[in-house]
Visitor: 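Encoded as structure tokens, here's the structure I'll be asking about.
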Amino acid sequence: MEIIGLIALQAGLAAALAWWLAHDLLGNPNPVFAPTAAVGTIAAAIGQRTRRTVELLVGVGLGVAIGDGLVLLIGTGAWQTGVIVALAIGIALGLVGRGGTVVSQVGGTAVLIATLSSSQQNLEVPRVVDAIVGSLAGLTVVALLLPLHPMRVLHRASGPIFDALTTYLREIESAMRARDSDQSVHAMEGLRAMGPDVERLREALSGAEEVVTVAPARWQWRQHLERYDRGVEHLVRFIHSSRILARQAATMIKYQERLPQHLPDAIEALAQAVQQLQRETRTDKPHEQTRRLALRAAEEAGWATGAGLQNFGVTVATQARLAASDLLRATGCPVDEANRRVRQAARSAEQANRQDNGDRQ
């Protein structure tokens, strides 16, 4: 709600600033399009505001050029308006290749010129000036007056991903303990359906990058954002690893393979690591505790392997180790180091378990 409220304030401030600039400073008696352009800039998806501004200005410029040229050729009237708008949209689509802000602005500007040029002269310059003033007012508010906090944007977008991951990992753990393959399949389907959440997080990353690029007050967060960006890529891999893990766990349960207690313990450690990663990310603290929990998951997987696993059980243990490595990399651990630490933890536990079993025999 905090971010929504700030965007609303940005829109209101941008509209007021655009009106003042166009009306009081530049003397336009009716600068309707200036606040409209300002609000259009603010209302664009976070991360697309700079592009939206450029598209708006290009669209208005094209609309003026096309509309003026066609009015000179065929004049004004009902059928002329239809022809002008159709040709303007067609030309815009041919140049841009798809719909969007450019095409809508070309069409809107062409409509104004075709319908009002007979009663009002010199519409073109005020329209272009309003577009420039409104767009610059919107960018000024976004960059200087009320910039969003990039990390709050990211925390808000990543929250559902962390929550869902924790939920589904615990569901896989519970499925193993209860030997319920349907529950594991349900977790797999839930993990598979996380695509929209991941896409929203990527959009939030784009928005945060825009903020730290154009807003001097947010430049201090650039390094944080770079680390977050790298971490997100590994978090996406972790989701993929968890999905495979859920599928293999369901198959292992279905075929009634041997299931040592250490295997669900490994999944529990992964769930705890995800929760800890979320806490550490929100508070900007070192990720030592997350790494310890990820390595504990690798150890539990090693203990399970040492206890003796069958076909799909081996795959589950291996996938748990891969997921632990993904988590380590999400905390900033280099790839080689993450793989080495996970491999070492799992092998040590596996060897210790086999040695204990040998001593008992």
Visitor: Step by step, work out the side-chain contact (heavy atoms from CB on, under 4.5 Å) result for Val236 and Asp326.
Guide: CA-CA 9 Å; Val236 171; Asp326 289 333; over 6 Å; no
Visitor: Would the distance check show the side chain of Ser241 and the main-chain N or O of Gln319 forming a donor-acceptor pair, the cut-off being under 3.5 Å?
Guide: no
Visitor: Only one of Gln278, Arg279, Gln272 clears side chain to side chain donor-acceptor pair (under 3.5 Å) with Gln276; which?
Guide: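 Considering Gln278, Arg279, Gln272, a side chain to side chain donor-acceptor pair (under 3.5 Å) with Gln276 is found only for Arg279.
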Visitor: We want to know whether Gln344 and Arg341 form a side-chain donor-acceptor pair, criterion being a heavy-atom distance below 3.5 angstrom.
Guide: no
Visitor: Test of understanding: clusters of I, L, V, M, F, W, Y form through side-chain heavy atoms closer than 4.5 Å, transitively. Do Leu6 and Trp221 belong to the same one?
Guide: no
Visitor: Under a 4.5 Å cut-off applied to non-hydrogen side-chain atoms, are Ile239 and Val198 in contact?
Guide: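 SC-SC contact between Ile239 and Val198 confirmed.
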Visitor: Could you pull out the closest heavy-atom pair between Ala38 and Ala14, with the gap in Å?
Guide: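 Taking every non-hydrogen atom into account, CB-O, 3.5 Å.
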Visitor: Side chains of Thr281 and Leu235: closer than 4.5 Å at any heavy-atom pair?
Guide: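 Not touching, per the 4.5 Å side-chain cut-off.
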Visitor: Using the rule that Ile, Leu, Val, Met, Phe, Trp and Tyr join whenever any side-chain heavy atoms are under 4.5 Å apart, tell me whether Tyr255 and Val316 fall into a single cluster.
Guide: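 The answer is yes; both residues are in one hydrophobic cluster.
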Visitor: Under the side-chain contact (heavy atoms from CB on, under 4.5 Å) criterion, do Glu280 and Thr331 qualify, and how do the steps go?
Guide: CA-CA 10 Å; Glu280 291 169 352; Thr331 66; 5.5 Å; no
Visitor: Scan side-chain atoms only and decide if Arg243 and His240 contain a donor-acceptor pair under the 3.5 Å cut-off.
Guide: yes
Visitor: Please assess His224 against Met151 for the test side-chain contact (heavy atoms from CB on, under 4.5 Å), listing each intermediate value before the final yes or no.
Guide: CA-CA 8 Å; His224 291 74; Met151 302 314 293; 4.2 Å; yes
Visitor: What do the steps show when you test Leu201 against Asp197 for side-chain contact (heavy atoms from CB on, under 4.5 Å), and what is the final call?
Guide: CA-CA 6 Å; Leu201 180 55; Asp197 289 331; over 6 Å; no
Visitor: Under a 4.0 Å N-O cut-off, is there an ion pair linking Arg177 with Asp265?
Guide: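 The answer is yes: the pair qualifies as a salt bridge.
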Visitor: Measure from the side-chain N and O atoms of Gln310 to the backbone N and O of Glu257, and report whether any donor-acceptor pair falls under 3.5 Å.
Guide: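 No; judged by distance alone, with no hydrogens or angles, the pair does not exist.
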Visitor: Do Ile172 and Phe162 sit in one hydrophobic cluster, given that two such residues count as connected whenever their side-chain heavy atoms are within less than 4.5 Å of each other, even indirectly?
Guide: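 Same cluster.
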Visitor: One thing to verify: whether Glu233 and Arg202 come together as a salt bridge, which I'm taking to mean a side-chain N less than 4.0 angstrom from a carboxylate O.
Guide: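 Looking at Arg202 and Glu233, the cut-off is met.
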Visitor: Work out which heavy atom in Ala250 is nearest to a heavy atom in Ser181; give both atom names and the distance.
Guide: O-CB, 3.5 Å
Visitor: Should we say atom CD of Gln220 is surrounded by more than 12 heavy atoms from elsewhere, each under 6.0 Å from it?
Guide: yes
Visitor: Below 4.5 Å, heavy atoms only, C-beta onward: do Tyr168 and Val274 meet side chain to side chain?
Guide: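 Answer no - side chains too far apart.
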Visitor: State yes or no: do Leu205 and Val212 share one hydrophobic cluster built from I, L, V, M, F, W and Y residues joined by side-chain heavy-atom distances below 4.5 Å, directly or via other members?
Guide: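 As far as the 4.5 Å side-chain criterion goes, Val212 and Leu205 are connected within one cluster.
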Visitor: Working to the nearest 0.5 Å, report the span between CH2 of Trp19 and CG of Asn28.
Guide: 8.0 Å
Visitor: List the atom of Ala22, the atom of Ala34, and the distance in Å for their closest heavy-atom pair.
Guide: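 Heavy-atom minimum between the residues: CB-CB, 3.8 Å.
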Visitor: Evaluate the side-chain proximity of Ile89 to Val103: yes if any heavy-atom separation is below 4.5 Å, no if none is.
Guide: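 With C-beta onward as the side chain, the pair touches.
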Visitor: Could you give the distance from OG1 (Thr166) to CD (Gln275), rounded to the nearest 0.5 Å?
Guide: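 Answer rounded to 0.5 Å: 4.5 Å.
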Visitor: Return the minimal non-hydrogen interatomic distance between Pro264 and Glu173, and the atom names on each side.
Guide: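 Shortest heavy-atom separation between Pro264 and Glu173 comes out as O-CG, 3.5 Å.
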Visitor: Are there over 12 heavy-atom neighbours, none belonging to Arg347, within less than 6.0 Å of that residue's CZ?
Guide: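 It does not: Arg347 CZ has 12 such atoms or fewer within range.
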Visitor: Leu245, Leu295: one ILVMFWY side-chain cluster at the under-4.5 Å cut-off?
Guide: no
